Amino acid sequence: MASSEEVVDVEVARRKMKEWREEGYRNSDEVVEFGECLLLEHGNKLGDELWTIHEQVFVAALDSGRLDLATSCLRALNKQFPRSLRVKKLRGMRLEALEDWENAKKIYENILAEDPANLIVRKRCIAVTKAQNNPYETVKELTEYLDVFMSDQEAWMELADLYISLQEYHKAAFCLEELILTHPHNHLYHQRYAEIHYTIGTSDSIELSRKYFAQAYKLDPNNIRALYGLFLCFSSQNSNMKSNPKSKKNNTRYSHWAAQEIIEKYSTERHGKSAEQMSALEHMFDSMQLSLPTNIPE
């Protein structure tokens, strides 16, 4: 008969494992530590939860480089559920850990032949292609995936990042447009869209960038990156030789405003900045701003 202290320890471990599963924590080392103890020493006390913990420990073991433990968990799951597509997916993940991309992809394709709407397995297929450092094929697979699962924000951002890495900025901007349409109040999407257009660098793109940096800052007044983007846009527009004198004056005023806002926010919150760092920040902004022309009529 187990001691009362041992029972408490088992229950604490089970509770922690359940909490981590439900909250989606990927603290793999802790999961391996608690989970391996539960499986080896208290497996007969876990009931049906035994198999859930096997799967949880399997994934954590792959993250932690414990291929021996992952293989042990997979062997137990495969014995208990020999025809399970879920277990078959785990076999593919183990092959990924071994960098056996070809056979992992075959397993995932076999699963999709039986279950075409399997979202997780479709994502694993994309992950395999990405791991092989094949960006164009990854773009192709992500595009096909988004034709079916258009509301997947993570996939749109992944596709945007791939286009940026390929310097296809207009296509990256399209991805952010899709996200802004469905999530208009997410300031990070507006900010990202503005950054892409600032990178494109044409007059029209800088103007669009300025508008979206402004919207990002409106949605989140603490977004210093959006403020800095505004400063850069105003400064860039001010350096445009085709700008009329009134626009140059306004841009200088607004860039000065953005710089002062950034300095004020850093001064208020400090963010661990020393007096010397604050002085350097102010000097940087001063050196980047153009002098206000003196011959511009009001």
Side-chain angles (χ1 to χ4, degrees), residues 20-21 23-32 35-36 54-78 81 84-169 171-176 178-179 188-189 192 195-196 199:
W20 292 333
R21 284 197 305 273
E23 296 295 329
Y25 292 143
R26 197 155 180 143
N27 46 336
S28 301
D29 291 340
E30 291 88 347
V31 170
V32 165
E36 186 174 22
H54 264 101
E55 183 176 1
Q56 185 179 5
V57 172
F58 169 83
V59 175
L62 289 183
D63 285 345
S64 301
R66 286 288 309 278
L67 196 59
D68 58 325
L69 179 58
T71 301
S72 174
C73 291
L74 181 59
R75 189 179 297 117
L77 287 164
N78 195 53
F81 310 103
S84 167
L85 293 181
R86 188 175 183 125
V87 174
K88 188 180 286 188
K89 178 202 72 177
L90 300 183
R91 290 206 295 271
M93 291 173 64
R94 178 179 176 275
L95 290 172
E96 283 187 66
L98 294 170
E99 298 187 4
D100 187 351
W101 313 119
E102 183 178 350
N103 285 318
K105 194 73 173 285
K106 285 180 181 178
I107 286 178
Y108 296 144
E109 288 171 351
N110 287 338
I111 295 173
L112 291 174
E114 296 184 53
D115 182 14
N118 193 314
L119 177 69
I120 295 175
V121 171
R122 281 181 175 269
K123 285 190 171 185
R124 293 249 54 92
C125 279
I126 296 169
V128 167
T129 305
K130 185 179 179 182
Q132 293 174 281
N133 197 26
N134 190 340
Y136 291 101
E137 186 64 25
T138 308
V139 164
K140 178 177 176 292
E141 290 196 12
L142 266 172
T143 303
E144 292 173 354
Y145 169 84
L146 284 166
D147 284 341
V148 181
F149 304 99
M150 294 187 65
S151 61
D152 192 326
Q153 300 176 56
E154 182 183 349
W156 280 113
M157 283 301 299
E158 181 80 10
L159 184 57
D161 288 340
L162 276 169
Y163 279 135
I164 290 170
S165 71
L166 297 171
Q167 298 184 18
E168 297 186 21
Y169 299 114
K171 292 181 179 179
F174 172 79
C175 296
L176 269 298
E178 290 292 320
L179 287 169
L188 294 175
Y189 294 154
R192 189 69 165 150
E195 289 169 347
I196 292 169
T199 303

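Since the structure is predicted, the reported quantities are computational estimates derived from the model, not experimental observations. Note that these values count all heavy atoms, side chains included, but never hydrogens, waters or copies made by symmetry.
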Tell me if a side-chain donor or acceptor on [X] pairs with a main-chain N or O of [Y] at a distance below 3.5 Å.
| X | Y | answer |
| --- | --- | --- |
| R122 | P116 | yes |
| S72 | D68 | no |
| W156 | M150 | yes |
| S64 | R66 | no |

So, for [X] and [Y], which heavy atoms are closest and what is the spacing to 0.1 Å?
| X | Y | value |
| --- | --- | --- |
| A104 | E96 | CB-CG, 4.0 Å |
| L146 | D152 | CD2-O, 4.0 Å |
| L176 | A160 | CD2-CB, 3.6 Å |
| R26 | V59 | NH2-CG1, 4.4 Å |
| Y108 | G92 | OH-C, 3.0 Å |
| L90 | F58 | O-CZ, 3.2 Å |

Only one of K89, K88, R86 clears salt bridge (charged side-chain N to carboxylate O under 4.0 Å, His left out) with E114; which?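 It is K88, the one option of K89, K88, R86 that forms the salt bridge (charged side-chain N to carboxylate O under 4.0 Å, His left out) with E114.
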Short side-chain donor-acceptor distance under 3.5 Å, Q153 and Y189: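 Result is yes, a qualifying pair exists.
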Is any side-chain heavy atom of [X] less than 4.5 Å from a side-chain heavy atom of [Y]?
| X | Y | answer |
| --- | --- | --- |
| Q56 | W20 | yes |
| D115 | V121 | no |
| L166 | V139 | yes |
| L159 | Y145 | no |
| Y163 | I196 | no |
| L112 | E109 | no |

Within a reach of under 6.0 Å around CG of L98, are more than 12 heavy atoms found that belong to other residues, nucleotides or ligands?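 Correct, the count exceeds 12.
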For F149, does the CZ atom have more than 12 heavy-atom neighbours from other residues, nucleotides or ligands under 6.0 Å away?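 Yes, the 6.0 Å shell around CZ holds more than 12 heavy atoms from other groups.
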How long is the gap from OG1 on T199 to CD on Q167, to the nearest 0.5 Å?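 Answer rounded to 0.5 Å: 10.0 Å.
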Between atom CD1 of I107 and atom CZ of R124, what is the distance when rounded to the nearest 0.5 Å?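 CZ of R124 is found 12.0 Å from CD1 of I107.
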Should K105 and E102 count as an ion pair when the cut-off is N to O under 4.0 Å?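 Result for this pair is no, no salt bridge flagged.
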So, E158 and K123, do they make that salt bridge, N to O below 4.0 Å?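 The answer is no: the pair does not qualify as a salt bridge.
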Take R192 and D161 through the salt bridge (charged side-chain N to carboxylate O under 4.0 Å, His left out) test and state the conclusion after the steps. CA-CA 10 Å; R192 189 69 165 150; D161 288 340; 2.7 Å; yes
Candidate pair L179 and C175, rule side chain to side chain contact (heavy atoms under 4.5 Å, CB included), full reasoning: CA-CA 7 Å; L179 287 169; C175 296; 5.7 Å; no
Taking it one step at a time, do R91 and L95 satisfy side chain to side chain contact (heavy atoms under 4.5 Å, CB included)? CA-CA 6 Å; R91 290 206 295 271; L95 290 172; 5.7 Å; no
